[in-house]
Amino acid sequence: QVQLVESGGGLVQAGGSLRLSCAASGSIFSINAMGWYRQAPGKQRELVARITRGSSTNYADSVKGRFTISRDNAKNTVYLQMNSLKPEDTAVYYCNIGALPSPFSSYEYDYWGQGTQVTVSS
């Protein structure tokens with residue numbers, strides 16, 4: 001089974017920084033894209049950033065220039081460096097990966113982390 005463990009969330013003041021980590025473990029043959037989503041109170045879950053296996057990246061307009069997504073393929077880990085945090089960044093952040101659990105898998109599966117709370121005070 002594939003497990004995603006997130007860490008790095010917390011409470012910071014506006015303008016501060018946090019670094020989120022998400023480590024995948026278990027039965028994994030290969031991982032393709034990895035990403036971070038967030039869901040704020042009263043709002044729908046939205047894509048924050050994603051990164052392909054070849055390290056191509058994509059960001060939501062609201063975080064461009066402030067957040068940086070990266071990955072360590074040897075560790076099956078994806079990171080989200082969040083700088084210049086704003087109160088509107090407050091949300092539960094979820095890690096997501098698309099992976100083949102074995103070489104015999106017919107489909108790529110989506111896996112989700114448990115979520116980590118990020119709170120930015122004004």
Side-chain angles (χ1 to χ4, degrees):
Q1 298 183 13
V2 176
Q3 301 178 68
L4 303 183
V5 179
E6 301 179 7
S7 62
L11 173 64
V12 298
Q13 294 184 357
S17 298
L18 286 173
R19 190 191 192 211
L20 305 183
S21 298
C22 175
S25 63
S27 181
I28 301 173
F29 178 67
S30 64
I31 297 176
N32 291 315
M34 307 178 78
W36 290 93
Y37 291 72
R38 68 185 181 188
Q39 187 166 22
K43 297 183 179 180
Q44 296 184 358
R45 187 174 298 187
E46 65 173 344
L47 174 68
V48 177
R50 68 187 295 272
I51 183 168
T52 68
R53 187 177 183 182
S55 296
S56 295
T57 59
N58 185 55
Y59 298 92
D61 289 340
S62 60
V63 307
K64 287 181 179 178
R66 299 187 298 119
F67 291 10
T68 302
I69 189 170
S70 61
R71 62 191 288 170
D72 185 335
N73 291 330
K75 297 181 178 180
N76 287 340
T77 300
V78 62
Y79 306 93
L80 185 67
Q81 179 66 48
M82 303 185 293
N83 298 326
S84 301
L85 284 162
K86 304 175 181 179
E88 50 262 45
D89 294 319
T90 296
V92 177
Y93 284 70
Y94 298 90
C95 175
N96 168 260
I97 68 168
L100 294 174
S102 81
F104 308 106
S105 298
S106 298
Y107 305 97
E108 178 179 292
Y109 294 88
D110 276 330
Y111 300 92
W112 292 88
Q114 80 283 359
T116 184
Q117 177 70 48
V118 171
T119 302
V120 184
S121 64
S122 59

Inset, instruction - With side chain to side chain contact (heavy atoms under 4.5 Å, CB included) as the test, would you mind laying out the steps for Val5 and Ser25 before giving the verdict? - result: CA-CA 8 Å; Val5 179; Ser25 63; 5.6 Å; no
Inset, instruction - Taking all non-hydrogen atoms of both residues into account, name the closest pair between Leu20 and Gly9 and its distance. - result: CD2-N, 3.6 Å
Inset, instruction - Determine the interplanar angle of the Tyr94 and Trp112 rings, folded into 0 to 90°, and report it as parallel if under 30°, tilted if 30 to 60°, perpendicular if over 60°. - result: perpendicular
Legend entry - Pro101 backbone acceptor or donor facing Ser27 side chain under 3.5 Å: yes
Legend entry - Joint cluster assignment, Tyr37 & Val63, ILVMFWY side-chain distance < 4.5 Å: no
Inset, instruction - Any chance you could measure Arg38, atom CZ, to Arg45, atom CZ, to the nearest 0.5 Å? - result: 13.0 Å
Inset, instruction - Side-chain contact test, heavy atoms from C-beta onward, threshold under 4.5 Å: evaluate it for Asn73 versus Ile31 and give yes or no. - result: no
Inset, instruction - Apply the side chain to side chain contact (heavy atoms under 4.5 Å, CB included) test between Gln13 and each candidate in Ser121, Ser122, Pro87; give the one that qualifies. - result: Ser121
Inset, instruction - Verify, without hydrogens or angle tests, whether Asn58 (side chain) and Ile51 (backbone) share a donor-acceptor contact under 3.5 angstrom. - result: no
Inset, instruction - Measure from the side-chain N and O atoms of Thr116 to the backbone N and O of Tyr93, and report whether any donor-acceptor pair falls under 3.5 Å. - result: no
Inset, instruction - With rounding to the nearest 0.5 Å, note down the distance linking SG in Cys22 to CG in Leu4. - result: 4.5 Å
Inset, instruction - Report the C-alpha distance between Tyr79 and Asp72 in whole Å, list the side-chain angles of each, state the deciding distance to 0.1 Å, and finish with yes or no for side chain to side chain contact (heavy atoms under 4.5 Å, CB included). - result: CA-CA 8 Å; Tyr79 306 93; Asp72 185 335; 4.2 Å; yes
Legend entry - Sub-4.5 Å side-chain heavy-atom contact between Val2 and Ile97: yes
Legend entry - Full working for side chain to side chain contact (heavy atoms under 4.5 Å, CB included) between Asn96 and Asp110: CA-CA 7 Å; Asn96 168 260; Asp110 276 330; 3.9 Å; yes
Inset, instruction - Would you give the length of the straight line joining atom CG of Leu100 to atom OH of Tyr109, rounded to the nearest 0.5 angstrom? - result: 9.0 Å
Legend entry - Heavy-atom pair of closest approach, residues Ile28 and Ala99: CG2-CB, 4.4 Å
Inset, instruction - Mark yes when over 12 heavy atoms from residues, nucleotides or ligands other than Arg53 sit less than 6.0 Å from its CZ; otherwise mark no. - result: no
Inset, instruction - Search all heavy atoms of Arg50 against all heavy atoms of Thr52 and return the closest pair with its distance. - result: NH1-CG2, 4.1 Å
Legend entry - Check ion pair Asp61-Lys64 (N to O, under 4.0 angstrom): yes
Inset, instruction - Spell out, as yes or no, whether a donor-acceptor pair under 3.5 Å connects the side chain of Arg71 to the backbone of Ala33. - result: no
Inset, instruction - In sequence, state the C-alpha distance, the side-chain angles, and the governing distance for Lys75 and Ser21, and then conclude on side chain to side chain contact (heavy atoms under 4.5 Å, CB included). - result: CA-CA 11 Å; Lys75 297 181 178 180; Ser21 298; over 6 Å; no
Legend entry - Closest heavy-atom pair and its distance - Gly8, Leu18: O-CD2, 3.7 Å
Inset, instruction - State plainly whether one hydrophobic cluster holds both Met34 and Val118, where clusters connect Ile, Leu, Val, Met, Phe, Trp and Tyr through side-chain heavy atoms under 4.5 angstrom apart. - result: yes
Legend entry - Residue pair Leu80 / Ala49: nearest heavy atoms and the distance that separates them: CD1-CB, 4.2 Å
Inset, instruction - Using atom types as modelled and distance alone, determine if a side-chain donor or acceptor of Tyr59 lies under 3.5 Å from a backbone N or O of Arg66. - result: no
Inset, instruction - State, to 0.1 Å, how close Ala60 and Leu47 come at their nearest heavy-atom pair, and which atoms those are. - result: CB-O, 3.4 Å
Inset, instruction - Starting at CD of Gln3, measure out to CG of Asn76 and round the result to the nearest 0.5 Å. - result: 13.0 Å
